[in-house]
Amino acid sequence: MRNWTVFLLVSYVSIIFFWGSSFPAIRFALHSYTPESLALFRLLIASSFLLVIAIILRIGLPNMRDVPMLVLLGCLGFSAYHLFLNKGETTVGGGIASLLVSTTPIFSLILEQLFLRRKWEGRKWLGALISFFGIAFISFNHDSLSYSITGIVFILLAAFSESLYFVFQTHYLQKYGMLAFVTYSIWGGTMGMICFLPRLLTEIEEASFSSTLAVTYLGLFPSVLPYFALAYITLKVGASEATASLYLVPIVAVILSGIWLDEKITLLGVGGGVVTFLGLFLIHGKQQRSRAKDDINF
């Protein structure tokens, strides 16, 4: 087996496991941290790690004219995404949260049609409709409907903010490359959360060691390493094959949430997840094929 094949396998496993494990890890860390402090703490750790990587790889600073937009994209893709996701997971389990976040492609496609004038095929409209039916099923997964709906709305807002980041990143992604762009975005997202630093410092003193360890894990692994792995896979086999692995993330999240947090998912929740993924498959199944060989510098 050639070395790059082994690296591909390791990259796939790291993406699926690290992103899948992030959902129960967030739920666990929320035992000691508020959603705002958790988001900032995670981004501070990721930013510090990326600073070291940037020095090692000699990633230069962005053009000053691009800084405002890079900060805005970072606030959408990281500040808002993590804040809304954290708020949602105060009432919604990690497994269900991962299923809801996987609806990001739906929002991305809607935004692409509104702002980029990309036309949808009938299959994609059908897929969007099916996925939203799946979300409705998931919404009835909890005993307290009104309690869970609030969390579900927050998580859907997280998916929407992330879709804005994905849709409007293209120019800067092509200009700077994936690794540099992700680095700039995370730094920008961290700047957007810095107002919560006083609260974070207070909570660190009172937090349990295990919760702080969970946040450190979130900052070092799910926040950074999967992006490097995704870049490597895209270079080797194309974008469509790279993104296909993301469909396994909720499965890992559900399993780990059950093992780590003893979360139970009802038959209705499972059914909602299956329906949601059927819709996502119709939307996303062939979406990336024409882009698989695009010349994007990583």
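Values in this document were obtained by computation on a predicted structure and should not be read as measured data.
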From CZ (F154) to NZ (K87), nearest 0.5 Å: 5.0 Å

Pair L256, F17 - check side-chain contact (heavy atoms from CB on, under 4.5 Å), show working. CA-CA 9 Å; L256 290 179; F17 177 79; 4.0 Å; yes

Tell me, do I204 and F41 make a side-chain contact under 4.5 Å, heavy atoms counted? yes

Identify the two heavy atoms, one from T34 and one from R199, that lie closest to each other, and give their separation to 0.1 Å. OG1-CD, 3.6 Å

Side chain proximity check, L179 to I53, heavy atoms < 4.5 angstrom: no

Is there a donor in the side chain of Y217 and an acceptor in the side chain of S21, or the other way round, less than 3.5 Å apart? yes

pair I59-Y184: side-chain heavy atoms closer than 4.5 Å: yes

Minimum heavy-atom distance L50-I186, with the two atoms named: CD1-CD1, 3.5 Å

I need the minimum non-hydrogen distance between T212 and A207, along with the two atoms involved. OG1-CB, 3.8 Å

Less than 4.5 Å apart, side chain to side chain, heavy atoms only: is that true for N86 and T90? no

Give me the atom names and distance for the closest heavy-atom approach of M193 to L40. O-CD2, 3.5 Å

Is it true that, when you exclude M191 itself, more than 12 heavy atoms of the residues, nucleotides or ligands shown sit nearer than 6.0 Å to its CE? no

Looking at side-chain heavy atoms only, is the closest gap between V67 and P62 below 4.5 Å? yes

So, Y81 versus Y165, ring centres under 6.0 angstrom or not? no

Report the C-alpha separation of F181 and L70 in whole Å, then their side-chain angles, then the decisive distance to 0.1 Å, and conclude whether the side-chain contact (heavy atoms from CB on, under 4.5 Å) test is met. CA-CA 8 Å; F181 173 71; L70 291 171; 3.7 Å; yes

Side chain to side chain, L213 and F28, heavy atoms closer than 4.5 Å: no

Would you give the length of the straight line joining atom CZ of F221 to atom OG of S14, rounded to the nearest 0.5 angstrom? 11.0 Å

Correct closest heavy-atom pair for L83 and A39 would be N-CB, 4.1 Å

Could you go through F23 and L261, starting from their C-alpha distance and side-chain angles, then the distance that decides it, and tell me whether this counts as side-chain contact (heavy atoms from CB on, under 4.5 Å)? CA-CA 11 Å; F23 294 94; L261 305 175; over 6 Å; no

Hey, which of S32, S211, S37 is the one that makes side chain to side chain donor-acceptor pair (under 3.5 Å) with E203? S37

Going by salt bridge (charged side-chain N to carboxylate O under 4.0 Å, His left out), name the pairs with one or both residues in residues 43-66, residues two or more places apart or in two chains. D66-K175

Which pairs, with at least one residue in residues 47-57 and sequence neighbours excluded, count as a side-chain hydrogen bond (donor to acceptor under 3.5 Å, both in side chains)? S47-T190

Angle between ring planes, H82 versus F78, binned at 30° and 60°: parallel, tilted or perpendicular? tilted

Hey, does I45 have a side-chain heavy atom less than 4.5 Å from the side chain of L218? no

Test item: L76 and F168 side chains (from C-beta on) under 4.5 Å apart, heavy atoms: no

Taking all heavy atoms of V101 and all of E162, pick out the closest pair and write down the distance. CG1-OE1, 4.1 Å

